[in-house]
A.B. asks: 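Quick one: structure below, then a few questions.
In each ligand, atom 1 is the first atom listed, and ligand 1 is the first ligand listed. Position 1 is the first residue of the sequence, and the numbers go up from there.
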Amino acid sequence: MTASKLCFRSAMILLLAGIVWGLHMAISTDHSAMPAHAHLNLLGFVALFLFGIFYRLHPKVEQSRLALPQVAIWILATIILAVGVGLVHTGHEIGDPIAAISSLVVFADAILFTWLVFTAG
Ligand code: HEM
């Protein structure tokens, strides 16, 4: 599995999950989990798909040892972040530390991706 293929496939799964979440909010008229839906779609679909395009455009970076871990960490941290943010916004305090830790992991992984972009020349 290449990094770009993992990006494209997981981005589409997360988009479908994000859309189902959005439809559920719309149909139930309960929009309280809206920030979680937004984060899942934007980090899980938009950012991940853009990462995939970058890796496809830069095969040397895609072959580096760091590319697959960067993508895998992003996927896991995004899912955990969306769950944490969803819990926070539906009144569950346990979501706070979950969102806090996963957001720091997303940040660290964004720094790693930034470094990979800079090494691409
Ligand atoms: C069928 C697909 C979708 C449905 C039914 C849906 C539904 C919703 C609903 C009900 C809200 C809450 C609006 C509010 O309370 O003000 C919302 C907010 C939001 N959605 Fe979606 N959504 C869909 C797809 C997407 C996609 C694909 C993205 C991003 C790529 C996205 C990003 C957002 C964002 C950023 C917000 C927050 C907007 C704000 O701050 O007011 N949504 N969506």
Side-chain angles (χ1 to χ4, degrees):
M1 174 75 79
T2 61
S4 58
K5 191 182 275 191
L6 181 59
C7 285
F8 294 140
R9 290 188 176 183
S10 51
M12 295 319 300
I13 302 288
L14 294 180
L15 174 67
L16 294 178
I19 288 176
V20 169
W21 201 334
L23 286 169
H24 179 264
M25 282 193 305
I27 292 164
S28 67
T29 68
D30 176 2
H31 295 184
S32 48
M34 182 257 278
H37 155 84
H39 280 81
L40 187 62
N41 277 323
L42 296 174
L43 296 175
F45 170 60
V46 180
L48 206 47
F49 208 89
L50 290 172
F51 291 170
I53 294 170
F54 170 82
Y55 284 125
R56 223 16 102 82
L57 288 173
H58 296 279
K60 274 193 185 153
V61 182
E62 176 156 42
Q63 280 156 21
S64 99
R65 283 183 302 130
L66 291 173
L68 263 178
Q70 187 275 320
V71 176
I73 291 168
W74 190 270
I75 295 166
L76 280 177
T78 293
I79 292 170
I80 296 170
L81 176 69
V83 170
V85 171
L87 286 170
V88 169
H89 286 271
T90 51
H92 301 87
E93 272 180 26
I94 184 69
D96 258 329
I98 296 173
I101 293 167
S102 55
S103 61
L104 291 175
V105 175
V106 168
F107 182 45
D109 202 44
I111 293 172
L112 172 57
F113 185 70
T114 304
W115 188 78
L116 289 172
V117 169
F118 274 72
T119 62

A.B. asks: How far is atom 23 (C) of ligand 1 from the closest protein heavy atom, and which atom is that?
C.D. replies: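 The closest one turns out to be His37 CE1, 3.5 Å.
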A.B. asks: Give the residue, atom name and distance (to 0.1 Å) of the protein heavy atom nearest atom 35 (C) of ligand 1.
C.D. replies: Ala38 CB, 3.5 Å
A.B. asks: How does the hydrophobic cluster around Ile80 look, that is, which other residues are in it when side-chain heavy atoms under 4.5 Å mark a link?
C.D. replies: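 Result for Ile80 is Val83, Leu87, Ile94, Ile98.
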A.B. asks: Tell me the protein heavy atom at minimum distance from atom 16 (O) of ligand 1, and give that distance in Å.
C.D. replies: Met34 CE, 4.0 Å
A.B. asks: Going by distance alone, is a donor N or O of one side chain under 3.5 Å from an acceptor N or O of the other, for Tyr55 and Gln70?
C.D. replies: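 There is such a pair (donor and acceptor under 3.5 Å, judged by atom type) between the side chains of Tyr55 and Gln70.
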A.B. asks: Apply the side chain to side chain contact (heavy atoms under 4.5 Å, CB included) test between Trp74 and each candidate in Val105, Leu43, Leu6, Ile79; give the one that qualifies.
C.D. replies: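 Among Val105, Leu43, Leu6, Ile79, the one meeting side chain to side chain contact (heavy atoms under 4.5 Å, CB included) with Trp74 is Leu43.
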A.B. asks: For atom 26 (C) of ligand 1, tell me which residue out of Asn41, Val20, Leu15, Leu43 has the closest non-hydrogen atom.
C.D. replies: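 Looking at heavy atoms only, the winner is Asn41.
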A.B. asks: Once you measure the plane-to-plane angle for Phe49 and Phe8, does it fall in the parallel (<30°), tilted (30-60°) or perpendicular (>60°) bin?
C.D. replies: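 Ring orientation, 0 to 90° scale: tilted.
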A.B. asks: Using the ring of each side chain (for Trp, its six-membered ring), is Phe113 parallel, tilted or perpendicular to Phe54, with breaks at 30° and 60°?
C.D. replies: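 Perpendicular: the ring planes of Phe113 and Phe54 meet at over 60°.
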A.B. asks: Show your reasoning for whether side-chain contact (heavy atoms from CB on, under 4.5 Å) applies to Phe45 and Leu40.
C.D. replies: CA-CA 7 Å; Phe45 170 60; Leu40 187 62; over 6 Å; no
A.B. asks: Of the protein's non-hydrogen atoms, which lies at the shortest distance from atom 9 (C) of ligand 1, and what is that distance?
C.D. replies: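 Nearest protein contact, heavy atoms only, for atom 9 (C) of ligand 1 is Met25 CE, 3.5 Å.
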A.B. asks: What residue and atom, counting heavy atoms only, is the protein's closest point to atom 2 (C) of ligand 1, and at what distance?
C.D. replies: Ile19 CG2, 3.5 Å
A.B. asks: List every atom of ligand 1 that sits less than 4.0 Å from any heavy atom of Val46, numbering the atoms from 1 in the order shown and giving each element.
C.D. replies: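 Near Val46, the atoms of ligand 1 are 30 (C).
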A.B. asks: Quick test: of every protein heavy atom, which one is nearest to atom 13 (C) of ligand 1, and how far off is it to 0.1 Å?
C.D. replies: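 It is His31 ND1, 3.8 Å.
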